[in-house]
Amino acid sequence: MATDDRSRFRMRFLLFSSLYLSVSLAVDRSNFKTCDQSSFCKRQRELKLGSSVYRALLDSLDVTETRASLQLMNEANKIPLLLEVYSLKGNMTRFKINELNPLRPRYEVPDVLIEDPQTLQLTVTGKDEESVELSLGGNHHKLIITAKPFRMDLLAGRDLVLSVNSRGLLMFEHLRKRKDSDSQKETASDGGSEKEEEEAHMETEEKIDKAEELEKDKDAEDEPGMWDETFKTHTDSKPNGPTSVGLDFSLPGFENVYGIPEHADNLKLKNTEGGDPYRLYNLDVFQYELYNPMALYGSVPLMLAHNIHRTLGIFWLNAAETWVDISSNTAGKTLFGKMLDYMQGGGETPQTDVRWMSESGIIDVFVLLGPTAKDVFKQYGSLTGTQAFPPLFSIGYHQCRWNYNDEEDVRAVDAGFDEHDLPYDVIWLDIEHADGKRYFTWDPNKFPTPKNMLQELDTKRRKMVTIVDPHIKIDSGYRIHNEIRSKNFYVKTKDGSDYEGWCWPGSAGYPDFTNPEMRAWWSSMFSYDQYEGSMSNLFVWNDMNEPSVFNGPEVTMHKDAVHKDGWEHRDVHNLYGLYVQQATAEGQIQRSGGNERPFVLSRAFFAGSQRFGAIWTGDNAAEWDHLKISIPMCLSLGLVGISFCGADIGGFFKNPSPELLVRWYQMGAYQPFFRAHAHLDTTRREPWLFGEENKQLIRSALRERYALLPYWYTMFYHAYRTGEPVMRPLWVDYPEDVSTFAIDDQFLLGSAILAHPVSEQAARGVQVYLPGKGVWYDVHTHQVHHAPQTMYVPVIMSSIPVYQRGGSIVPQKERIRRSSECTLSDPFTLYVALSPEGLAEGDLYLDDGHSFNFEKKNEFLHRLFTFSGGVLTSSSADPRGRFDTLAWVERVVILGSAKPATVSVRLAGGEETPLDFQYNAETSVLTIRKPAVKLSSDWSITVR
């Protein structure tokens with residue numbers, strides 16, 4: 001690069017940085033595209049309803065044991081497509097649409113599916129000139145394919161569940177040659193040699209040349225944005241021309257859809273008619289706006305639809321820029337209006353229509369047929385994996401800011417938590433800890449002895465996280481950069497040189513994480529001999545991995561940059577952050593010899609990211625609305641498999657008032673990932689800096705979190721095993737209660753805890769909805785409340801409205817320790833909340849909290865607790881597990897109990913022994929003291 005160019009870029013970088021560091025500015029929306037500014041989205045949206053040009057050639061139908069296939073013909077340009085249909089084990093259906101004879105391969109997303117889905121046999125159960133009927137795997141689901149215009153209808157029994165292309169919006173832009181530039185053909189990326197391409201596709205090119213003579217539409221060159229596209233100062237060369245794909249789905253009977261994170265919006269997705277669609281394109285959005293469909297840091301193309309009869313999912317497996325339109329025939333109607341229609345027997349059947357539009361790739365769709373929400377979670381987990389089972393420390397409290405200045409600052413903050421009797425597990429270091437923002441290094445002046453610092457934390461059983469971002473400082477004296485360049489591992493420009501952009505270190509290269517060899521090398525850099533100064537209690541944070549490129553289009557990488565095998569960045573963009581987190585997590589596992597569970601926090605994500613660690617909601621602000629939006633943002637992530645979610649406590653930008661900070665700690669204590677973080681320019685926020693009263697309120701919230709760690713850990717185990725979200729909307733457990741469908745200011749933790757943290761300034765009360773037909777107990781006062789009901793709950797600054805469901809048993813540890821690891825041998829208290837029928841059930845999962853021995857050696861305990869007929873019983877929920885632990889039960893608290901005459905305990909094969917107890921008649925709470933039973937033993941406690 002010429003000196004003048006470097007100077008210009010340096011000035012632009014400094015200007016960008018000054019804007020980025022200013023906390024007085026909100027997002028500059030002009031930096032990010034609207035649908036009208038995205039040529040493929042605009043073209044897709046201009047397609048008229050009901051004008052499908054596609055016809056299914058039923059005579060081409062071919063049915064084997066594993067799939068059904070047939071051709072779809074575009075009757076306007078005579079380009080044939082191939083439709084493939086698969087019935088999958090677990091009540092799922094997959095269909096793919098690709099060009100029958102593409103000029104070159106189109107991108108199909110790798111590495112997201114954990115294995116090839118198991119297929120079931122398809123059979124033809126009916127056929128005529130206009131349609132064909134397929135039985136999907138011999139179950140009660142059928143697929144009817146209509147020839148002209150092409151349409152697919154999926155039925156469960158006689159009920160229509162979903163229709164495909166019923167509005168005629170299938171659009172598949174075929175690969176083609178640019179007529180006015182033969183050189184374009186030579187530079188097009190193809191994933192193979194020119195000779196192989198010529199031999200494999202010569203006949204296809206002749207067909208397409210002939211077909212293009214019959215093209216009814218204007219020549220491609222006449223359409224703006226087809227072969228190149230300019231946004232602001234950046235031009236995307238589009239060497240392969242227009243390649244977008246789009247398809248519509250109609251959902252009769254559904255008016256509530258959720259998912260497709262990440263957006264700072266309500267849980268229930270909105271009608272996008274008259275505005276922009278929801279956008280899925282991983283971007284570094286500075287101080288993002290709320291309640292709009294703009295793209296943010298991550299993308300998961302999974303949507304859930306729910307009504308009182310069924311939950312289903314649509315998983316659109318495409319990693320390119322994607323837009324999602326939603327429309328509904330009930331949009332704008334109030335709940336009262338809908339009920340009136342129902343009572344009068346009039347009105348339309350509710351229907352939601354969804355349209356997916358992606359810039360490149362193929363159409364690859366999984367329909368997850370439920371029929372329950374928990375079935376959908378299991379189905380999606382079987383495809384993309386479940387939430388990684390986190391080490392225990394990572395679900396404790398994390399203390400972070402940009403930046404803790406040096407080793408002395410770290411020691412002072414660490415000591416402050418002990419001095420003020422506040423538990424915490426992890427202290428974090430942001431980009432300033434490294435030597436000139438060269439990742440995998442330490443600033444020699446600020447952090448000269450990192451091992452000593454880590455060892456001091458380790459003696460207190462605490463951890464540290466350092467940031468390792470995927471932009472690498474271009475510096476000939478930097479080992480990491482030199483090795484990546486020597487191995488040719490950087491992403492390339494369209495001209496073949498290493499792609500360079502600007503980020504925190506200045507001029508930076510971007511490793512090609514789509515390359516498995518690059519990922520393996522990156523993983524090796526986390527070994528103790530490569531990451532100098534690291535220890536086993538050092539973990540990692542991947543930020544800026546959208547990837548963020550300060551001087552790139554939309555603050556990210558150029559779409560015509562080139563990855564391994566010639567694939568363009570446009571094809572793989574939303575995968576980049578997943579690959580970074582994957583390589584980092586695998587590096588932590590490798591450094592331990594495969595024994596230790598990793599912890600990696602990532603900002604960018606895609607479908608499958610849940611397998612590799614935690615996600616946070618990015619650069620939020622110290623504002624009440626940002627506190628409130630953290631609930632639907634994390635609920636949306638949980639619905640698509642990513643349970644380990646949280647928001648920066650206090651807000652990243654700006655300075656929170658003491659009231660807002662306290663409320664944020666109370667909120668964070670009941671969200672899965674619990675980390676305080678703050679911008680470089682904010683005032684210090686350690687919990688003891690806001691006065692004694694506020695410190696006590698924060699301490700109380702922290703202690704509530706730590707007391708519930710056994711329950712949190714058990715929920716994460718279930719998420720790992722089943723895919724069920726830890727933090728979930730009320731409708732997941734109460735699917736027939738329409739009052740829950742739009743609630744996103746309260747949530748469930750598992751099935752036993754309901755939380756409605758205060759998110760309004762100067763609040764004097766909150767409206768809490770209690771679902772179900774039983775009872776809920778206030779966890780602080782033990783007062784019983786009957787459901788279903790909406791109740792006004794008065795609040796003061798110490799209030800965190802939290803309720804335990806009647807019929808549940810929740811384990812807690814109530815001894816105060818400095819960190820989670822210090823509690824491993826501490827005794828348990830069981831909170832038994834009785835249903836009106838006098839029943840309760842719960843479980844507890846326990847292992848060493850950090851290794852893979854729970855899988856490799858079955859070193860775990862999974863205990864089931866049941867209360868029935870006045871007897872509390874402990875038994876094994878999984879007899880495979882064996883774990884040597886000193887843990888025991890020191891207290892049992894039974895909510896909703898009558899006063900007993902006696903309480904006794906019996907060990908397996910032993911005699912009954914009387915126990916001391918205390919009964920509170922005012923609250924109907926029975927406390928049984930020191931039953932002293934081992935957690936690993938079978939026993940029963942009888943209340944007479």
Side-chain angles (χ1 to χ4, degrees), residues 670 704 707-708 710-711 714-715 730 733-734 737 740 746-756 768-794 799-814 828-844 863-875 889-906 914-931 933 939-944:
Y670 286 91
E704 286 193 31
L708 274 173
Y711 182 66
T714 301
M715 287 191 295
L730 274 61
D733 286 73
Y734 300 92
D737 187 345
T740 67
Q746 62 183 70
F747 50 90
L748 294 171
L749 299 176
S751 62
I753 299 292
L754 183 151
H756 191 315
V768 176
Y769 181 71
L770 299 177
K773 297 180 180 179
V775 295
W776 293 83
Y777 298 87
D778 187 308
V779 301
H780 301 107
T781 66
H782 300 153
Q783 182 180 356
V784 62
H785 302 279
H786 292 270
Q789 68 161 312
T790 299
M791 61 184 187
Y792 178 80
V793 180
S799 301
I800 316 177
V802 180
Y803 304 87
Q804 182 176 345
R805 178 180 55 82
S808 66
I809 299 176
V810 172
Q812 296 194 33
K813 285 188 174 182
E814 297 185 325
F828 289 83
T829 295
L830 300 180
Y831 281 85
V832 181
L834 298 182
S835 70
E837 297 78 22
L839 305 174
E841 183 174 289
D843 66 331
L844 171 65
R863 304 298 296 178
L864 176 65
F865 306 112
T866 58
F867 190 96
S868 177
V871 180
L872 174 65
T873 302
S874 173
S875 60
V889 178
E890 69 172 346
R891 187 182 301 108
V892 175
V893 180
I894 303 178
L895 312 181
S897 173
K899 184 177 181 179
T902 62
V903 177
S904 61
V905 61
R906 182 197 298 269
L915 295 175
D916 291 336
F917 64 89
Q918 180 180 356
Y919 183 74
N920 186 322
E922 185 176 344
T923 58
S924 299
V925 174
L926 172 65
T927 302
I928 303 170
R929 302 171 182 158
K930 294 186 178 179
V933 287
W939 46 263
S940 61
I941 295 175
T942 301
V943 179
R944 293 188 180 91

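Bear in mind the structure is a predicted one, so any value in this text is a computation, not a measurement.
Between Ile800 and His780, the shortest heavy-atom distance links the atoms O-CE1, 2.9 Å. Considering every non-hydrogen atom in both Trp776 and Leu748, the closest pair reads CH2-CD2, 3.9 Å. Summarising the geometry of Pro794 relative to Ser799, their closest heavy-atom pair is O-OG, 4.4 Å, with the distance given to 0.1 Å. Nearest heavy atoms, Val802 versus Tyr670: CG2-CZ, 3.7 Å. Considering all non-hydrogen atoms of both residues, His782 and Tyr777 come closest at O-CD2, 3.8 Å. Contact record, Gly772 with Asp737: N-OD2, 4.4 Å, taken as the closest heavy-atom pair.
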List the steps, then state whether side chain to side chain contact (heavy atoms under 4.5 Å, CB included) holds for Thr781 with Thr923. CA-CA 8 Å; Thr781 66; Thr923 58; over 6 Å; no
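Partners of Glu890 under the side-chain hydrogen bond (donor to acceptor under 3.5 Å, both in side chains) rule, at least two apart in sequence or in another chain, are Arg815. Residues forming a side-chain hydrogen bond (donor to acceptor under 3.5 Å, both in side chains) with Tyr734 (at least two apart in sequence, or on another chain): none. Listed by chain and number, the residues in a side-chain hydrogen bond (donor to acceptor under 3.5 Å, both in side chains) with Ser904 are Glu912 (sequence neighbours excluded). Under the side chain to side chain contact (heavy atoms under 4.5 Å, CB included) criterion, Pro900 pairs with Val903, Phe917, Tyr919, Leu926, Val943, not counting sequence neighbours. Residues passing the side-chain hydrogen bond (donor to acceptor under 3.5 Å, both in side chains) test with His785, sequence neighbours excluded: none. Residues satisfying the side chain to side chain contact (heavy atoms under 4.5 Å, CB included) criterion with Glu841, sequence neighbours excluded, are Leu864, Thr866. Looking at residues two or more places apart in sequence or on another chain, you find a side chain to side chain contact (heavy atoms under 4.5 Å, CB included) between Leu839 and Ser835, Glu837, Ser868. By the salt bridge (Lys or Arg N to Asp or Glu O under 4.0 Å) test, Asp733 pairs with Lys374, Arg728, sequence neighbours left out. The side chain to side chain contact (heavy atoms under 4.5 Å, CB included) search around Ala752 returns Tyr711, Ser808, Val810, not counting sequence neighbours.
The side-chain contact (heavy atoms from CB on, under 4.5 Å) test with Leu830 is passed by exactly one of Pro710, Pro811, Ser874: Pro811.
Within the model, atoms CG of Leu844 and CD of Gln812 stand 11.5 Å from one another, a figure rounded to the nearest 0.5 Å. Summarising the geometry, atom CG belonging to Leu770 is positioned 9.0 Å from atom CG belonging to Leu730; distances are rounded to the nearest 0.5 Å. Taken to the nearest 0.5 Å, the CZ atom of Arg906 stands 11.0 Å off from the OG1 atom of Thr873. Note that the CD1 atom of Ile894 and the OH atom of Tyr831 stand 12.5 Å from one another [nearest 0.5 Å]. For the atom pair Lys930 NZ and Asp916 CG, the distance stands at 9.5 Å (nearest 0.5 Å). One distance of note links OH of Tyr803 with NE2 of His756; it measures 9.0 Å at 0.5 Å rounding.
Screening residues 804-814 for salt bridge (charged side-chain N to carboxylate O under 4.0 Å, His left out) gives Glu814-Arg891 as the qualifying pairs, with residues at least two apart or on separate chains. For the side chain to side chain donor-acceptor pair (under 3.5 Å) condition, no pair includes a residue of residues 893-902, sequence neighbours left out.
For the pair Val784 and Leu895, the minimum side-chain heavy-atom distance is 4.5 Å or more. By the 4.5 Å heavy-atom criterion applied to side chains, Gln746 and Val768 are counted as neighbours. Counting only heavy atoms from C-beta outward, the side chains of Ile809 and Leu872 approach each other to under 4.5 Å.
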